[in-house]
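One-based numbering along the sequence shown. Heavy-atom basis, side chains included; hydrogens, waters and symmetry copies ignored. Order of listing sets the numbers, starting from 1, for every ligand and every atom in it.
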Amino acid sequence: MQAFTLETPPDARSAISAAYRARAKYIAGGTDLLQLAKDDIETPTRLVDLEPLGMAGIRASADGLHLEPLARMSDVAAHPDVVRDWPVLSQALLASASPQIRNMATIGGNLLQRTRCGYFRDTGFACNKRVPGSGCPAINGENRMHAILGGSEHCIATNSGDMAVAMTVLDAQLTLTGADGTRKVAIGDFHRLPGDTPDIETVLRPGEMITGIDLPASAMARRSHYLKVRDRASFEFAVVSAAVALDIDSGTIRTARVAAGGVGTKPWRLPEVEAALTGKPADAASLKAAAEQSGAGAKPARMNGFKLVLLRRSVLRALQTVVA
Ligand SMILES: Cc1cc2nc3c(=O)[nH]c(=O)nc-3n(C[C@H](O)[C@H](O)[C@H](O)COP(=O)(O)OP(=O)(O)OC[C@H]3O[C@@H](n4cnc5c(N)ncnc54)[C@H](O)[C@@H]3O)c2cc1C
Ligand code: SF4
């Protein structure tokens, strides 16, 4: 493990300035970054500790939910307003990792967790994401857990997070603060497709920090659900997951948001399903027909063609749960 110096700035402004000047990395709960450092997958020489900043607030109002970046996954999941008004978010968090990790991990860090591709996590293998230009052994190798949507000839690793999938159907807006000021980025624009630079995973600029996450309140958010299919129930990353949120008025679906995890190189919104649901009666036939649209443009690899079938079934089950 590479030795590093740890800076503990007193406030967010000094933390951003320290990270920008020294090209340092932030550390929050450390549940992903420290594992990567121990395995020499990431080798930071300077870390900026976010823990002393506080910034762990969870505030719900009639307009929406505001989360500060150091809020713990477990605290957000258990917050009574989140459970009632943004159930998909609570459910996605509770389906993530283990209770011990959720008690330590933060929502800012969760959005920036690295992929679980086994080749990426083992320095004995080539990997374009870890060492640009070295190759992608997953494309012709062990790729059961890899993406069927959004991949490139350079990388087919899935984004492994659950919470970001839920936030996609909740139209979350991230506040990013850097040396040049603050900007807002929609969750759907935060993660990048791999293209020919799979090592660049988000639109974060050097030194930029996630300083807030806002989720609007809506009838759709209240009628939402997260379904996760995984290889074991205790804790495991998604093989496939589905997040849905529906606004239903007098039996007709007015607005729909549908997204999937475990299938895309980023949290994957399914506009084809949303379009098939909008304006339709919330009945069994409409839900089935819409779910069948899931995964338009999918390009399965040798070992993961089953994910397309599983995606359609998972979307259907999630829709049925929300409508019931
Ligand atoms: C055994 C295990 C099982 C897991 N299972 C799941 C699962 O099923 N589903 C799931 O979604 N996740 C799962 N995870 C991942 C887990 O959710 C993440 O490790 C955790 O959310 C990371 O949060 P953290 O605060 O510990 O981040 P850290 O490890 O501290 O940081 C992660 C990254 O985020 C950056 N960062 C942190 N905060 C900020 C900020 N505010 N602004 C800018 N950059 C920041 C850091 O620089 C670093 O690059 C699992 C992890 C483990 C170890
Ligand atoms: S899929 Fe991506 S992360 Fe995995 S080996 Fe290929 S380049 Fe690396």
To check your reading of the model: name the closest protein heavy atom to atom 50 (C) of ligand 1, its residue, and the distance in Å.
F237 CZ, 3.4 Å
Should you measure from each heavy atom of F120, which atoms of ligand 2 turn up under 4.0 Å away?
3 (S)
Location of contacts on L111 toward ligand 1, heavy atoms closer than 4.0 Å:
neither
For ligand 1, is there an N or O atom under 3.5 Å from any N or O atom of L112?
no
From the candidates A12, G109, G30, the one that places a heavy atom nearest atom 30 (O) of ligand 1:
G30
Inspect the surroundings of CZ in R313 and state if more than 12 heavy atoms from other residues, nucleotides or ligands are less than 6.0 Å away.
no
Quick one: does G161 get an N or O within less than 3.5 Å of an N or O on ligand 1?
no
Measuring from non-hydrogen atoms of M55 to any atom of ligand 1, is the shortest distance under 4.0 Å?
no
Separation between OG of S218 and CH2 of W86, rounded to the nearest 0.5 Å
8.5 Å
same_hphob_cluster(M104, L33) at 4.5 Å side-chain heavy-atom cutoff:
no
among protein heavy atoms, the one nearest atom 5 (S) of ligand 2 is Y119 CB, 3.4 Å
N, O or S atom of C117 closer to atom 2 (Fe) of ligand 2 than 2.8 Å
no
If the cut-off is 4.0 Å to any non-hydrogen atom of E236, which atoms of ligand 1 fall inside it?
8 (O)
Contacting atoms of ligand 1, where contact means under 4.0 angstrom from a heavy atom of P69:
41 (N)
Partner of I210 under side-chain contact (heavy atoms from CB on, under 4.5 Å), picked from L67, L111, T202, is L111
Quick check: does M73 get an N/O under 3.5 Å from an N/O on ligand 1?
no
Roughly how far, to the nearest 0.5 Å, is OG1 of T182 from CG of L176?
8.5 Å
Under 3.5 Å, N or O to N or O, is E42 touching ligand 1 that way?
no
Between R72 and E51, does at least one N-O distance fall below 4.0 Å, as a salt bridge requires?
yes
Check whether I148 and L310 end up in the same hydrophobic cluster, where Ile, Leu, Val, Met, Phe, Trp and Tyr are linked by side-chain heavy atoms less than 4.5 Å apart.
yes
Exceeds 12 heavy-atom contacts within 6.0 angstrom, atom CZ of R317
no
Close-contact set for ligand 1 against D32 heavy atoms, below 4.0 Å:
19 (O), 29 (O)
Would you say CD of E292 has more than 12 non-hydrogen atoms from neighbouring residues, nucleotides or ligands within 6.0 angstrom?
yes
Taking only non-hydrogen atoms of R130, do any sit less than 4.0 angstrom from ligand 2?
no
Hey, is S96 touching ligand 1 through its side chain, its backbone, both or neither, going by heavy atoms under 4.0 Å?
both
Heavy-atom nearest neighbour in the protein, as seen from atom 15 (C) of ligand 1, with distance rounded to 0.1 Å
Q113 OE1, 3.5 Å
With nothing but distance in play, are any N or O atoms of A105 less than 3.5 Å from an N or O of ligand 1?
no
Those atoms of ligand 2 less than 4.0 Å from some heavy atom in N128:
7 (S), 8 (Fe)
Strictly under 2.8 Å, is any N, O or S atom of C136 next to atom 6 (Fe) of ligand 2?
yes
More than 12 heavy atoms of other residues, nucleotides or ligands under 6.0 Å from CZ of R183: is that the case?
yes
Does NZ or CZ of R121 lie under 6.0 Å from the centre of the six-membered ring of Y119, at an angle within 45° of the ring axis?
no
Counting non-hydrogen protein atoms only, what is the nearest one to atom 2 (Fe) of ligand 2? Give residue, atom name and distance.
C155 SG, 2.3 Å
Separation between NZ (K25) and CG (L112), nearest 0.5 Å, reads 7.5 Å
Applying the side-chain contact (heavy atoms from CB on, under 4.5 Å) test to M167, which of L215, V88, D162 qualifies?
L215
Find all atoms of ligand 1 within a distance of less than 4.0 Å from any non-hydrogen atom belonging to G29, and give their numbers and elements.
24 (P), 25 (O), 26 (O), 30 (O)
Looking only at distances, please establish whether an N/O atom of ligand 1 is found under 3.5 Å from an N/O atom of E208.
no
In terms of residue, atom name and distance, what is the protein heavy atom nearest to atom 8 (Fe) of ligand 2?
C127 SG, 2.3 Å
Testing the basics here: between V48 and A24, what is the closest heavy-atom pair and its distance to 0.1 Å?
CG2-CB, 3.8 Å
Distance from atom 52 (C) of ligand 1 to nearest protein heavy atom, with residue and atom:
I101 CD1, 3.4 Å
Answer yes or no for M104: is there a heavy-atom contact with ligand 1 below 4.0 Å?
no
Which ligand 1 atoms are under 4.0 Å away from a heavy-atom of L33?
29 (O)
Closest to atom 7 (C) of ligand 1 among protein heavy atoms sits A97 N, 3.1 Å
Has the side chain of S17 got a donor or acceptor atom that lies under 3.5 Å from a matching backbone atom of R13?
no
So for M209 against ligand 1, with non-hydrogen atoms under 4.0 Å, the contacting part is both
Just jot down the ligand 1 atoms closer than 4.0 angstrom to any heavy atom of K25, in number order.
47 (O), 49 (O)
With a 4.0 Å cut-off, would you call D180 and R205 a salt bridge?
no
Residue, atom name and distance, where the atom is the protein heavy atom closest to atom 17 (O) of ligand 1
N110 ND2, 3.1 Å
Could you check which of L50, D49, T177, D162 puts a non-hydrogen atom nearest to atom 39 (C) of ligand 1?
L50
Side chain, backbone, both or neither: the part of K228 lying under 4.0 Å from ligand 1 by heavy atom:
side chain
Option passing side-chain contact (heavy atoms from CB on, under 4.5 Å) with I27 (candidates L50, D32, D49):
D49
Between I210 and ligand 1, does any nitrogen or oxygen pair lie at a separation below 3.5 Å?
yes
Evaluating non-hydrogen atoms only, which member of T31, I27, L70 is closest to atom 16 (C) of ligand 1?
T31
Tell me the protein heavy atom at minimum distance from atom 46 (C) of ligand 1, and give that distance in Å.
Y26 O, 3.0 Å
Could you walk me through whether R59 and E68 pass the salt bridge (Lys or Arg N to Asp or Glu O under 4.0 Å) test, one step at a time?
CA-CA 9 Å; R59 286 191 296 280; E68 290 185 338; 3.7 Å; yes
Would V165 end up clustered with F237 when hydrophobic side chains under 4.5 Å apart are linked, directly or stepwise?
no
When you check the side-chain N and O atoms of S14 and D11, is any donor under 3.5 Å from an acceptor?
yes
Can you find a side-chain donor-acceptor pair between N103 and S74 that sits under 3.5 Å?
yes
Run the salt-bridge test on D231 and R144 with the 4.0 Å N-O cut-off and return the result as yes or no.
yes
Please report which non-hydrogen protein atom sits nearest to atom 7 (S) of ligand 2, along with the residue it belongs to and the distance in Å to one decimal place.
H154 O, 3.3 Å
Pairs of nitrogen or oxygen atoms closer than 3.5 Å, one from T106 and one from ligand 1: do any exist?
yes
Check whether any N or O atom of L204, backbone or side chain, sits under 3.5 Å from an N or O atom of ligand 1, and answer yes or no.
no
